[in-house]
Asks: 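Let me begin by handing over the structure; questions about it come next.
In each ligand, atom 1 is the first atom listed, and ligand 1 is the first ligand listed.
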Amino acid sequence: MICYLIVVIPLVVTRQHQIYRLETLSSKMASSDRELSDCINDFTLDIYKHVTSQQPSGNLFMSPSSMMVVLTMLHVGSRNKTEDQMTQVLKLEKLDKKAILRHMETFVSTLKKGSKSVTLSTANRLFPHTDKTILRDYISLVSEHFKAEIKSMDYTTNAEGARVEINKWVEGETNSKIKDLLPGGSLNSLTAMVVVNAIYFKGNWATQFEPKDTKKSTFTKLNSDKEHIDMMSRRMKKAKYGENRSLACKTLELPYEGEELAMIVVLPNTNDGLLALEKQLTLENLQSLVSGVHPGTVDVSLPKFKLETSLELKKVLSALGMRDLFQDDADLSGMGKDLYVSQVYHKAFVDVNEEGTEAAAATAAVVMKRSIQRTLDFKADHPFLFMIWDHRLKVPLFIGRFVEPPSTAGPGFQQTKDEL
Ligand SMILES: *[C@@H]1O[C@H](CO)[C@@H](O)[C@H](O)[C@H]1NC(C)=O
Ligand SMILES: *[C@@H]1O[C@H](CO)[C@@H](O)[C@H](O)[C@H]1NC(C)=O
């Protein structure tokens with residue numbers, strides 16, 4: 001229903017407690033930190049474009065930052081071609097492995113520190129198998145640089161119990177907004193590790209909408225159908241507002257209390273302008289939209305809405321070039337032997353109302369052991385003995401032998417009659 005909104009997920013702040021505005025990033029962040037934020041912005045746009053091109057008319061809400069953190073934790077354990085593909089999809093080409101760890105540490109620490117006046121939290125956790133399939137070196141590297149807690153699980157005897165426990169942890173980290181992240185059957189006795197990130201945000205608008213001003217109003221969908229929805233409205237003085245002719249859209253920044261985070265709404269000039277706008281979303285264009293806002297008095301109407309999105313990312317990530325990670329020839333030798341990733345699950349939730357916004361997301365990657373069972377042969381193509389065995393009585397109730405195909409005399413029937 002909310003077809004014209006691009007909600008740029010307001011979940012990232014810089015060390016200097018500035019709103020995540022790219023202009024301030026370039027002036028205030030160290031150049032290397034800027035490189036990581038470029039990586040995340042680039043990855044965000046790739047994922048956004050790919051997912052929307054697959055489902056052009058549906059709502060969407062997600063946290064590519066959360067995906068990025070989980071995938072980078074996997075990247076640490078990847079080698080050779082698997083690593084190259086992950087590096088390319090995560091846009092990490094310009095950073096060596098040490099730099100990636102350093103920047104991720106800063107990124108995660110900043111998020112974990114939260115922000116004044118709003119609630120912002122994130123948590124990473126590794127759930128390795130108790131059987132030590134996952135190398136200690138990998139676990140200590142990731143726990144240090146991603147501030148990840150470790151909780152060992154026995155997937156061999158109780159995969160379902162582990163799944164329920166991981167889902168409960170995610171629920172706890174997201175104020176119960178993300179439930180059942182791992183669907184039934186996603187873990188089994190071959191599971192080696194689950195890598196999880198959860199992120200939660202709740203902030204009040206710096207200036208709230210008045211509930212009495214929320215009225216039913218017409219919303220025009222991409223296919224021109226009209227619907228009546230709850231529309232919040234208010235006059236904003238000194239609102240950060242921008243127009244861009246070449247991208248045919250208007251931009252409005254709605255700050256949360258403390259002004260360190262904001263929602264940025266990009267509204268195409270025409271009812272059906274979103275698809276064209278999305279096609280033009282590049283890092284440069286995003287930057288000029290986010291930074292091209294200036295103070296003005298604006299009458300704002302914004303839908304009051306809640307959205308939930310659930311994604312399985314294996315297909316998207318494979319299509320973007322991260323193929324080997326999910327295949328038998330995955331090389332995760334920095335993490336352990338004979339491992340691959342079976343699926344990356346992502347869920348996100350947002351509630352936008354007069355007071356502010358509540359948003360949560362979680363990502364979980366499931367690392368599996370390759371089943372290296374030999375395929376055994378049993379070809380009954382020569383004479384054999386057979387029984388019908390009763391396990392309770394521990395005796396065969398019937399026994400026979402098969403030494404040649406039954407004669408063609410009767411249909412599959414051959415009488416044996418011997419006098420002993
Ligand atoms: C993969 O990487 C490891 C070390 O990172 C190296 O020893 C090995 O030779 C590489 N294998 C291939 C097939 O390139
Ligand atoms: C509009 O976007 C284009 C493309 O990113 C940019 O070059 C231009 O400066 C923007 N115009 C305004 C007024 O912000």
Asks: With no hydrogens and no angle check, do the side chains of H75 and T87 hold a donor and an acceptor under 3.5 Å apart?
Replies: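 T87 and H75 do have a side-chain donor-acceptor pair below 3.5 Å.
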Asks: Can an N or O of N285 be found at a distance shorter than 3.5 Å from an N or O of ligand 2?
Replies: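 Min N/O separation from ligand 2 is below 3.5 Å for N285.
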Asks: Does only the side chain of E243 get under 4.0 Å from ligand 2, or the backbone, or both, or neither? Count heavy atoms.
Replies: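 Within the 4.0 Å criterion, E243 contacts ligand 2 through backbone atoms alone.
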Asks: Under the 4.0 Å line, does any protein heavy atom show up next to atom 7 (O) of ligand 2?
Replies: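 No, because not a single protein heavy atom sits under 4.0 Å from atom 7 (O) of ligand 2.
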Asks: Considering only protein heavy atoms, which is closest to atom 11 (N) of ligand 2, and at what distance to one decimal place?
Replies: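 Minimum-distance protein heavy atom for atom 11 (N) of ligand 2 reads N244 ND2, 2.9 Å.
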Asks: Between L247 and ligand 2, which residue portion shows a heavy-atom distance shorter than 4.0 Å: side chain, backbone, both, or neither?
Replies: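 Only the side chain of L247 comes within reach of ligand 2.
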Asks: How are the rings of F201 and Y256 set to each other: parallel, tilted or perpendicular (split at 30° and 60°)?
Replies: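 F201 vs Y256 ring planes: perpendicular.
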Asks: Any chance you could lay out the salt bridge (Lys or Arg N to Asp or Glu O under 4.0 Å) test for K97 and E83, step after step, and finish with the verdict?
Replies: CA-CA 10 Å; K97 251 180 165 155; E83 177 179 358; 3.2 Å; yes
Asks: Can you list the atoms of ligand 2 that are under 4.0 Å from a heavy atom of S246?
Replies: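 This gives 1 (C), 2 (O), 3 (C) as the contact atoms.
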Asks: Under a 3.5 Å cutoff, is there a donor and acceptor pairing between the side chains of N41 and T44?
Replies: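 Per modelled atom types, N41 and T44 side chains form no pair under 3.5 Å.
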Asks: For the residue pair S301 and S233, confirm or rule out a side-chain donor-acceptor distance under 3.5 Å.
Replies: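 S301 vs S233: no donor-acceptor pair found between side chains.
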